[in-house]
Asker: 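Pasting a structure here, questions to come.
Counting begins at 1 with the first residue of the sequence. Counting convention: from 1, in listed order, for ligands and their atoms alike.
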Amino acid sequence: MKIILLGPPGAGKGTQAANIVKNYNIPHISTGDIFRKNIKEGTELGRKAKEYMDQGNLVPDELTCDLVASRLSEKDCESGFMLDGFPRNLFQAEYLDKFLSEKGIELDRVINIEVDPKLLVERACGRRICKTCGATYHIKFNPSKVEGICDVCNSELSQRPDDNEETVSNRIQVYISETKPLVEYYTEKGKIANIDGARDIDEVFGDIKNILS
Ligand code: ADP
Ligand code: ADP
Ligand code: ZN
């Protein structure tokens, strides 16, 4: 299964990706997670990406596209993959198309999680993540059992530096101008599945399972 998760920041892509991975056993490729890992490890890529991420702007395509191409070329992607947060603009979508068609790979589905921008700021600002295992929580909508502690691995939870109101607002604007056109792009290709993401996490996942079955 080869799928893309599309949707604005805070729509629930990462949350649903974790559910999908449990059920379908395909690698989860999140460009945001890859950048954050590089920042944590202090790499050159991390240093460059951080500048853009802190502002809520897109990391330049030349730092992003090759990264995804080399990840998709790894062996574990042969039987399928799930892209989360890539592509994020038309250039990246066309780059991906070219890369896949050269390899004779066809995408199965683009799952578009739709959430009204009004709900996104609260979602993103209340997000907490586990720095150790990557699990995602929400202080109100999906709290951990013990406040501030990861259910999975007992590590401390933290807030992403870009999950503040100002940066989230910019990310939503960037989504509307750069990423949202991809909904039309993949609709024209007959790949899109639109999902109402403004419901419970389990209900959203129920729809995703129906689409993928
Ligand atoms: P994305 O990867 O699209 O940016 P996340 O999956 O990280 O989004 O979700 C953003 C925040 O919203 C997280 O704190 C998550 O726990 C919470 N969340 C995810 N899905 C839902 C939902 N259906 N209803 C309420 N909160 C949600
Ligand atoms: P969210 O889904 O909440 O927006 P992500 O973890 O997907 O969060 O992305 C965080 C940040 O990483 C983005 O705001 C952007 O700066 C950068 N980023 C992630 N994926 C891409 C991409 N495909 N192209 C450019 N920048 C990206
Ligand atoms: Zn954890």
Side-chain angles (χ1 to χ4, degrees), residues 4-20 28-39 45-46 48-68 71 83-93 95-96 111-115 119-144 146 148-163 167-175 178-179 182 195-208:
I4 292 175
L5 293 181
L6 200 62
K13 299 181 297 298
T15 301
Q16 297 303 333
N19 285 335
I20 294 168
H28 171 204
I29 304 171
S30 156
T31 38
D33 285 351
I34 296 172
F35 290 138
R36 280 184 290 276
K37 184 165 179 276
N38 275 273
I39 291 172
L45 172 65
K48 287 184 184 156
K50 189 175 183 335
E51 228 180 279
Y52 299 92
M53 292 169 79
D54 283 347
Q55 304 296 316
N57 294 324
L58 294 185
V59 176
D61 295 331
E62 57 270 27
L63 296 178
T64 308
C65 290
D66 291 349
L67 186 84
V68 173
R71 180 64 189 90
L83 285 168
D84 162 9
F86 184 94
R88 247 179 161 97
N89 61 25
L90 212 51
F91 181 88
Q92 293 180 6
Y95 176 96
L96 180 67
I111 296 173
N112 177 36
I113 306 179
E114 298 178 295
V115 176
L119 300 175
L120 296 172
V121 176
E122 188 181 13
R123 281 217 189 162
C125 293
R127 169 163 48 196
R128 297 293 181 273
I129 53 164
C130 173
K131 275 196 176 165
T132 306
C133 76
T136 300
Y137 301 88
H138 191 282
I139 49 170
K140 189 161 143 196
F141 305 131
N142 185 24
S144 56
V146 180
I149 302 293
C150 178
D151 293 350
V152 182
C153 73
N154 281 322
S155 301
E156 227 173 287
L157 301 181
S158 65
Q159 191 171 18
R160 276 170 41 181
D162 58 343
D163 278 343
T167 310
V168 172
S169 302
N170 187 45
R171 282 155 61 201
I172 294 167
Q173 289 314 312
V174 170
Y175 166 81
E178 302 268 320
T179 312
L182 299 186
I195 290 191
D196 174 8
R199 293 167 305 145
D200 283 355
I201 292 172
D202 292 344
E203 285 179 84
V204 176
F205 186 51
D207 279 9
I208 292 178

Asker: Checking a contact table here: which protein heavy atom is nearest atom 6 (O) of ligand 1, and how many Å away?
Answerer: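 Among all protein heavy atoms, the one nearest atom 6 (O) of ligand 1 is Thr15 OG1, 2.6 Å.
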Asker: Can you find a pair of side-chain heavy atoms, one from Arg199 and one from Asp207, that are under 4.5 Å apart?
Answerer: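 When only atoms from C-beta onward are counted, Asp207 and Arg199 do touch, with a gap below 4.5 Å.
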Asker: Val59 to ligand 2: N or O pair under 3.5 Å?
Answerer: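 Val59 vs ligand 2: N/O contact under 3.5 Å present.
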Asker: Any N or O on Thr136 sitting closer than 3.5 Å to an N or O of ligand 1?
Answerer: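 By distance alone, the answer is no.
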Asker: Which protein heavy atom lies closest to atom 26 (N) of ligand 1, and at what distance to 0.1 Å?
Answerer: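 Result: Phe141 CB, 3.4 Å.
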Asker: For ligand 1, find out whether one of its N or O atoms is nearer than 3.5 Å to an N or O atom of Gly12.
Answerer: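 Min N/O separation from ligand 1 is below 3.5 Å for Gly12.
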Asker: For the residue pair Asn19 and Ile208, establish whether any side-chain heavy-atom pair is separated by less than 4.5 Å.
Answerer: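 A side-chain contact under 4.5 Å is absent here.
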Asker: For atom 23 (N) of ligand 2, which protein heavy atom lies nearest, and how many Å away is it?
Answerer: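 Answer, as residue, atom name and distance: Gly85 O, 2.9 Å.
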Asker: Under 3.5 Å, side chain of His28 to main-chain N/O of Gly14, donor-acceptor pair present?
Answerer: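 Not at all, since once roles are kept as given, no pair shorter than 3.5 Å links the two residues.
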Asker: For ligand 1, which atoms sit closer than 4.0 Å to a heavy atom of Gly197?
Answerer: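 Here the atoms of ligand 1 in question are 23 (N).
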Asker: Among all the protein's non-hydrogen atoms, which is closest to atom 12 (O) of ligand 2, and how far away is it?
Answerer: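 Protein heavy atom at minimum distance: Met53 CE, 3.4 Å.
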Asker: Within a distance under 4.0 Å of any heavy atom of Gly14, pick out the atoms of ligand 1 and give their elements.
Answerer: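 What qualifies from ligand 1 is 1 (P), 2 (O), 6 (O).
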Asker: CG/Leu157 to CD1/Ile149 distance, rounded to the nearest 0.5 angstrom?
Answerer: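 So the CG of Leu157 and the CD1 of Ile149 are separated by 6.5 Å.
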Asker: Looking only at heavy atoms of Gly10, does any of them come nearer than 4.0 Å to an atom of ligand 1?
Answerer: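 Right, Gly10 reaches ligand 1.
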Asker: For ligand 2, does Arg127 get within less than 4.0 Å through its side chain, its backbone, both, or neither, judged by non-hydrogen atoms?
Answerer: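 The answer is the side chain of Arg127.
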Asker: For atom 16 (O) of ligand 2, grab the closest protein heavy atom and report residue, atom and distance to one decimal in Å.
Answerer: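 Going atom by atom, the protein heavy atom closest to atom 16 (O) of ligand 2 ends up being Asn57 O, 2.6 Å.
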Asker: Is the closest N or O pair between Arg88 and ligand 2 shorter than 3.5 Å?
Answerer: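 Arg88 vs ligand 2: N/O contact under 3.5 Å present.
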Asker: Does the residue Glu203 have a heavy-atom contact with ligand 1, meaning some pair of atoms that are separated by less than 4.0 Å?
Answerer: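 For ligand 1, residue contact (heavy atoms, under 4.0 Å) with Glu203 is absent.
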Asker: Is Gly7 close enough to touch ligand 1? Criterion: a residue heavy atom under 4.0 Å from a ligand atom.
Answerer: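 Not so, Gly7 does not reach ligand 1.
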Asker: Any side-chain heavy atom of Thr132 within less than 4.5 Å of one from Cys150?
Answerer: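 When only atoms from C-beta onward are counted, Cys150 and Thr132 do not touch, as no gap falls below 4.5 Å.
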Asker: Are any of the N/O atoms on Ala11, whether in the backbone or the side chain, positioned under 3.5 angstrom from an N/O atom of ligand 1?
Answerer: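 So ligand 1 has an N or O lying under 3.5 Å from an N or O of Ala11.
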Asker: Tyr137 versus ligand 1: do any nitrogen or oxygen atoms come within less than 3.5 Å of each other?
Answerer: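 Between Tyr137 and ligand 1, an N or O pair is found under 3.5 Å apart.
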Asker: Among all protein heavy atoms, pick the one closest to atom 27 (C) of ligand 2 and tell me residue, atom and distance.
Answerer: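 Going by distance alone, atom 27 (C) of ligand 2 is nearest to Phe35 CE1, 3.8 Å.
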Asker: Below 3.5 angstrom, do we get any N/O pair linking Ser30 and ligand 2?
Answerer: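 No.
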Asker: At their closest point, which heavy atom of Leu120 faces which heavy atom of Gly10, and how far apart are they?
Answerer: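 Reported closest heavy-atom pair: CD2-C, 3.8 Å.
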Asker: Do Val168 and Pro9 have side chains that get closer than 4.5 Å, going by heavy atoms?
Answerer: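 No, their side chains stay 4.5 Å or more apart.
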Asker: Please list the nearest protein heavy atom to atom 21 (C) of ligand 1 with its residue and the distance rounded to 0.1 Å.
Answerer: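 Nearest neighbour among protein heavy atoms for atom 21 (C) of ligand 1, to 0.1 Å: Ile201 CG1, 3.4 Å.
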Asker: When only distance counts, is Asp84 in polar contact with ligand 1, meaning an N/O pair under 3.5 Å?
Answerer: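 For ligand 1, there is no N or O atom that lies under 3.5 Å from one belonging to Asp84.
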Asker: List the closest protein heavy-atom neighbour of atom 2 (O) of ligand 2: residue, atom name, distance to the nearest 0.1 Å.
Answerer: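 Protein heavy atom with the smallest distance to atom 2 (O) of ligand 2: Lys13 NZ, 3.0 Å.
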Asker: Determine whether Leu45 and Phe35 make a side-chain contact, defined as any pair of heavy atoms from C-beta on separated by less than 4.5 Å.
Answerer: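 Leu45 reaches Phe35 side chain to side chain.
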Asker: Taking Arg127 for the side chain and Thr136 for the main chain, is one N or O donor matched with an acceptor at less than 3.5 Å?
Answerer: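 Checking the backbone N and O of Thr136 against the side chain of Arg127, no donor-acceptor pair under 3.5 Å is found.
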Asker: Got Ile201 and Gln16 here, is their nearest side-chain heavy-atom distance under 4.5 Å?
Answerer: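 Yes. Closest side-chain heavy atoms under 4.5 Å.
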Asker: Any donor-acceptor pair under 3.5 Å linking the side-chain atoms of Asp66 with those of Tyr95?
Answerer: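 Judged by distance alone, the side chains do pair up.
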Asker: Output yes when the distance from some N or O of ligand 2 to some N or O of Asp33 is under 3.5 Å, and no in every other case.
Answerer: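 No, there is no polar N/O contact under 3.5 Å.
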Asker: Which residue holds the protein heavy atom closest to atom 3 (O) of ligand 2, what is that atom called, and what is the gap in Å?
Answerer: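 Heavy-atom neighbour on the protein nearest atom 3 (O) of ligand 2: Arg171 NH2, 2.7 Å.
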Asker: Which bit of Ala198 is near ligand 1, meaning a heavy atom under 4.0 Å away: side chain, backbone, both or neither?
Answerer: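 Neither; nothing of Ala198 gets under 4.0 Å from ligand 1.
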Asker: Students should be able to answer this: which protein heavy-atom is nearest to atom 20 (N) of ligand 2, and at what distance?
Answerer: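 Answer, as residue, atom name and distance: Thr31 OG1, 2.7 Å.
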Asker: Would you check if Arg171 and Asp163 make a side-chain contact, meaning some heavy-atom pair closer than 4.5 Å?
Answerer: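 Result yes, sub-4.5 Å side-chain heavy-atom pair found.
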Asker: Under 4.5 Å between any side-chain heavy atoms of Gln159 and Arg128, yes or no?
Answerer: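 In contact.
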Asker: Which ligand 1 atoms does Asp200 reach within 4.0 Å, using its non-hydrogen atoms?
Answerer: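 Listed by number with element: 23 (N).
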Asker: Please report the interatomic distance CG(Asn170) to CG(Asp54), rounded to the nearest 0.5 Å.
Answerer: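 It comes to 12.0 Å.
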Asker: How does Arg199 reach ligand 1, if at all, at less than 4.0 Å between non-hydrogen atoms: by side chain, backbone, both, or neither?
Answerer: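 The backbone, only.
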Asker: Between Asn38 and Ile34 (side chain of the first, backbone of the second, donor and acceptor by atom type, cut-off under 3.5 Å), is there such a pair?
Answerer: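 Confirmed, Asn38 side chain pairs with Ile34 backbone.
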Asker: With the threshold set at under 4.0 angstrom, would you say Arg160 reaches ligand 2 through any of its heavy atoms?
Answerer: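 Under 4.0 Å: yes for Arg160.
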Asker: Atoms of ligand 1 less than 4.0 Å from Pro8 heavy atoms?
Answerer: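 Taking each heavy atom of Pro8 in turn, ligand 1 has 3 (O) under 4.0 Å.
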Asker: Treating Lys13 as the side-chain partner and Ile113 as the backbone partner, does any N or O pair qualify as donor plus acceptor under 3.5 Å?
Answerer: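 Between the backbone of Ile113 and the side chain of Lys13 there is no qualifying donor-acceptor contact (under 3.5 Å).
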Asker: Using a 3.5 Å distance criterion without hydrogens, assess whether the side chain of Ser144 forms a donor-acceptor pair with backbone atoms of Asp151.
Answerer: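 Here the side-chain-to-backbone pair does not exist.
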Asker: Among all protein heavy atoms, pick the one closest to atom 24 (N) of ligand 1 and tell me residue, atom and distance.
Answerer: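 Looking at atom 24 (N) of ligand 1, the protein heavy atom closest to it is Arg123 NH2, 3.3 Å.
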Asker: Examine distances only and state if a side-chain atom of Asp200 and a backbone atom of Asp202 form a donor-acceptor pair shorter than 3.5 Å.
Answerer: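 Answer holds: no.
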